[in-house]
Structure formats: C-alpha cells, structure tokens
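Input: a single structure, listed below in structure tokens.
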Amino acid sequence: MPPHTVRHLDEMLPWNDKLQMLECIAAVEEAPDVMTFSFRTPDQNWFRYAPGQFVTLELPVSPEPAMRTYTLSSTPSRPYSLAVTVKAQQGSVGTRWMLDHLRPGMRIRAYGPAGDFSLASHPDGKYLFISAGSGITPMMSMTRWLHDCAPATDIAFINCARRPDEIIFHDELRLLAARMAALKLSFIAEQSSPRHAWSGLHGRIDRTRLELLAPDFNDRTVFCCGPEPFMRAVREALQAMGFDMARYHQESFQPAAETVVTPTSPAGDDPGAMPQTATVRFTRSGVEVECGLDDTILLAARSAGLKIPSACEFGVCGTCKVLCGGGETVMNHNGGIRDDEIGEGYILACCTRPVGPVEIDI
Ligand code: FES
C-alpha cells in the first residue's frame, strides 16, 4: 500500500496479539545511543494497545535472530503507527543492530503487545511517574496518552539521567508541560555535562529529593521504571515514608524474586510415584521427545530441534505462548499470560514444566 494512502480506522483491521510484520517508517535520534523507531504494518492495520505496554521484536542479528522486548513510547491515541525508543547499552547486540542498521522501509517481526504496566490497569486522577534512563519510555507513552485524552490529569513526572544531555524526550516534555497545567516536570542529573548549562537537581533519587519533588506522593499512584538499583532506591524511599505499596507499580524485564505458580492441569497426588521424565509430543511437527521434569517445554522443544520464539525466558514478555493440547504441567510465570489465556489452554513455554505426558500444538 502506498505510504500516503489515507484510510479511516473503520476501514482498517486492528493489529492483534499474534505474530505481525512491522515496517519501519522513521528512525530518529533522541540522545546519545538512543533512537526512536516508528512502525506501521504493510497492510496498514491500526494499533490497539494500552499506554505503557511492550512488544517483542525479532532482530535479524547474526548468527541467529535475537528476540528483544521494548516498551512502546508511542500512544494508542495515535493508532496509525507505533514506536519504541531504545538505548544501546555497552555490549548490546540487538539494540546496537537497530541503531546501526534499522532504517525506514525495512521490515521486522513483532510479538505483542503485552504487559499490565499501564494506567489502563491502574487508573487514578493523580500520578507519580518516576523513571531513569530509557525507563522513561512507558512514562512517555502514558503522558502522551493523557495529553491527548485527559489533559487536566495531575502528573508529577520525575526523570533521572547520568548527564543532562542524556535526558530523553526533554524538549517534547517541555512542550507537553506548556499545554498541561497539572504536569509538573523534574529532572535529576548525576553529573554535569560540559555542553549543557544545568539548573536542575544533581545527584541520585532518594527520600529527600522525592519529598521535595512530589510532596503529595501519598495521594498518587506511582509508576516506576529504570535499572533495578534505581527502582530499589525508589521502593525503599517510599516504604520508609509509609507509602501504600499497593499503589506502586514497576516495569522490569529482569527476573522477579517471586513467581506466580499456576498448575495448568491437575498434578498427581503422590510425588513419590511420579516418573522422573515425561514425554512431550509436538503435535503439528509430529515430533516426540523425552525430557526431565525440571526441563521447561522451551528446552524440550529445543532438544527436539524445534524453535519456539522466546525473549525474556522468565515468564514476563509472553513471546513463548503456545497452546497445550493436553497433559499435566506446572507454570511459574511472572505475569506474561492472562487468566483467560490460561483458561483456553495456553502456557508460556519458557516457564512451564511437564508433570506427565504433554501435547504441545507446534
Ligand atoms: S520468553 Fe518471555 S514469557 Fe517466555
């Protein structure tokens, strides 16, 4: 379809949560080693997602494709395209490939969207969005959404960066704040930058700075995203000040300390009687493999020479969702699958183990 064809939403099909091809339509530099990539679909679908959700991209790096999960920085209130804003950390392979090679006109595969780190899941009238580095992306998605759909919303927006020139979306946030009377921006930089005059706060987030920048934090629902040490500092400061942590939400693509254990089918009563291996049959491929009870379905598939797409491999991104056609399994996930999907028989292959013979629909 020619890029300038104008179609209306009611003439277009929505993007769904199955495998999709995305076409890059823009690559924009935001800060050092940070770029925003915007996409549409070749058939011009519209994008249905909640602000703050993520997608998993299949990046064609060598020797084999890498799956990487990125929070969307775009807002579903502008549904003709979506965007991720990515930062290449030292040693990065997938994100570095995007920065160096992904350009308008190229196509990549995407899975999603998924995740419940969204004001759609935790609605309120007052928010504290607190982020560090590229953790600003879900906050940007939610702030853009509120600008478009509820511009009077009260938002205390705090972003922490190593240096002032590394603050992502700085100029756009200032424009948004000029149009949203109750959006209060605060930036904290750890170090000075020789090229930027800096009148904001210096240092790292702590209880004193939090109280200074959001004195009414107790009235707000908190969304926090950034490296784990940063999120830990925020959690500890809030806890020390008596904040109700049921109103604290964070996004992390690292394993959580606790997982949700979901029996996806009844297990046997007598563990002593259970065999130490189980047969996993991949029905569409016609392949059968014997695996240990400690092995995941993902590992069993790999040992059988089959590929199930995966990214995080600890049950958060949902990329490895497959249909279990029968048998006994136990799933230890971290929120990457919905209850209704479990009810329909889906499992996350990376965190599901067989208890007995199992059939998987791949
Ligand atoms: S690979 Fe992310 S949930 Fe399985």
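As the structure lists them, so they are numbered: ligands from 1, and atoms in each ligand from 1. Quick note: numbers below take in every heavy atom, side chains included, and nothing from hydrogens, waters or symmetry partners. Just so it is clear, the structure is predicted and the values come from calculations on it, not from any experiment.
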Between the side chains of Ser74 and Tyr49, does any donor sit under 3.5 Å from an acceptor? yes

Do Phe39 and Leu102 have side chains that approach each other closer than 4.5 Å (heavy atoms only, starting at C-beta)? yes

Check each atom of ligand 1 against the heavy atoms of Gly318 and keep those under 4.0 Å away; list them by number with element. 2 (Fe), 3 (S)

Examine ligand 1 and decide if any of its atoms is less than 4.0 Å from a heavy atom belonging to Cys350. yes

Show which atoms of ligand 1 fall inside a sub-4.0 Å distance from at least one heavy-atom site of Glu313. 1 (S), 2 (Fe)

Cys317 backbone or side-chain N/O/S under 2.8 Å from atom 2 (Fe) of ligand 1: yes

Taking 2.8 Å as the cut-off, does an N/O/S atom of Cys312 lie below it from atom 2 (Fe) of ligand 1? yes

Using a strict 4.0 Å cut-off to heavy atoms of Gly315, name the atoms of ligand 1 that fall inside it. 3 (S)

Quick one: do Asp33 and Arg96 satisfy salt bridge (charged side-chain N to carboxylate O under 4.0 Å, His left out)? Show the steps, please. CA-CA 8 Å; Asp33 279 335; Arg96 174 51 61 190; 2.8 Å; yes

When every non-hydrogen atom of His8 is compared with those of Tyr80, the smallest separation belongs to CA-OH, 3.7 Å

Here the atoms of ligand 1 under 4.0 Å from any heavy atom belonging to Val316 are 3 (S)

Is the closest side-chain heavy-atom distance between Asn332 and Arg353 below 4.5 Å? yes

Give me the nearest non-hydrogen protein atom to atom 4 (Fe) of ligand 1 as residue plus atom name, then the distance to 0.1 Å. Cys320 SG, 2.3 Å

Atoms of ligand 1 less than 4.0 Å from Ala311 heavy atoms? 1 (S)

Does Glu344 pair with Arg338 as a salt bridge, N-O distance under 4.0 Å? no

Parallel, tilted or perpendicular: which describes the rings of Phe223 and Phe117, with under 30° parallel and over 60° perpendicular? perpendicular

